[in-house]
Amino acid sequence: AQTVTQSQPEMSVQEAETVTLSCTYDTSESDYYLFWYKQPPSRQMILVIRQEAYKQQNATENRFSVNFQKAAKSFSLKISDSQLGDAAMYFCALTGANSKLTFGKGITLSVRP
Amino acid sequence: GAVVSQHPSRVICKSGTSVKIECRSLDFQATTMFWYRQFPKQSLMLMATSNEGSKATYEQGVEKDKFLINHASLTLSTLTVTSAHPEDSSFYICSARAFLPGMNTEAFFGQGTRLTVV
């Protein structure tokens with residue numbers, strides 16, 4: 001079984017500042033993948049960033065980067081230079097090579113102008 | 001990225017009727033499709049996993065006779081909510097796993113369907 005835990009239900013950040021969203025997970029698989037998805041008010045799920053567990057280097061996509069701590073089973077998302085359009089619900093997710101995607105409960109991020 | 005089209009985006013139906021939701025992968029073949037249900041401000045709850053040409057695997061607590069899933073081809077899966085009741089009102093999302101080298105662990109999501117049963 002695999003679990004994903006997002007313990008913070010809500011966070012707020014000032015526009016142009018940096019915010020970090022936390023996520024921990026547990027899995028028995030040795031080969032797995034981690035994701036952060038964004039769900040704006042439109043409710044379309046958008047992939048923000050992806051990390052392969054076998055890669056030591058943290059993934060980066062423009063203003064989005066992760067801090068992947070494999071031993072601690074932690075996978076946090078850092079959003080730099082926050083923009084109003086970043087306001088959304090963010091989900092951390094985990095999948096093994098052939099298994100289903102497991103989501104955390106999500107965190108609602110608001111951006112203050 | 002790969003595109004998944006879900007239709008309709010919104011549907012209102014009368015209690016007791018059935019509603020069909022389609023999920024299509026437009027530019028790739030999907031070996032596996034997933035159906036989720038999402039309540040407001042909550043996470044996605046997996047309902048079932050469907051593989052092309054075989055019966056869907058339902059999660060515990062999901063009524064397979066209530067939520068009929070058909071995955072007739074590598075690009076189309078359908079979810080039919082049978083004899084719908086107001087408690088079936090929800091947001092339903094499909095996702096498809098790409099059958100491409102290096103991408104087979106990534107899921108692509110449809111736009112979702114908001115079902116309202118009156």
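As the structure is a computational prediction, the values presented were derived from the model and not from experiment. To find a chain, count down the sequence lines: A is the first, B the second, and so on, and within it residues start at 1.
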> How many angstroms lie between atom CD1 of B:Ile69 and atom NZ of B:Lys64, to the nearest 0.5 angstrom?
Replying inline: 12.0 Å
Are the side chains of [Y] and [X] in contact, using a 4.5 Å heavy-atom criterion?
{"X": "A:Trp36", "Y": "A:Glu61", "answer": "no"}
{"X": "B:Leu76", "Y": "B:Arg24", "answer": "yes"}
{"X": "B:Val4", "Y": "B:Ser95", "answer": "no"}
{"X": "A:Leu101", "Y": "B:Tyr36", "answer": "yes"}

> Who in residues 80-90 of chain B is close to chain A, using a strict under-4.5 Å heavy-atom cut-off?
Replying inline: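 Under the 4.5 Å heavy-atom cut-off, nothing qualifies.
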>> What part of B:Gln38 gets within 4.5 angstrom of chain A, counting heavy atoms only: side chain, backbone, both, or neither?
In response: both
> Where does B:Gln111 contact chain A at under 4.5 Å (heavy atoms): side chain, backbone, both or neither?
Replying inline: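 For B:Gln111, the contact with chain A is made by backbone and side chain together.
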> Should the ring pair A:Tyr33 and A:Tyr54 be called parallel, tilted or perpendicular, given that the plane angle runs from 0 to 90° and is split at 30 and 60?
Replying inline: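 If you compare the ring of A:Tyr33 with that of A:Tyr54, the planes turn out perpendicular.
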> Which bit of A:Met89 comes within less than 4.5 Å of chain B, counting heavy atoms only: side chain, backbone, both or neither?
Replying inline: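 For A:Met89, side-chain heavy atoms alone lie under 4.5 Å from chain B.
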>> Less than 4.5 Å to any heavy atom of chain B: does that hold for the side chain of A:Glu52, its backbone, both, or neither?
In response: neither
> Can you list every ring-ring contact (aromatic ring centres under 6.0 Å, His included) pair that touches residues 5-26 of chain A, not counting sequence neighbours?
Replying inline: A:Tyr25-A:Tyr32
> Shared ILVMFWY cluster between B:Val62 and B:Leu44, side chains joined below 4.5 angstrom?
Replying inline: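 As far as the 4.5 Å side-chain criterion goes, B:Leu44 and B:Val62 are not connected within one cluster.
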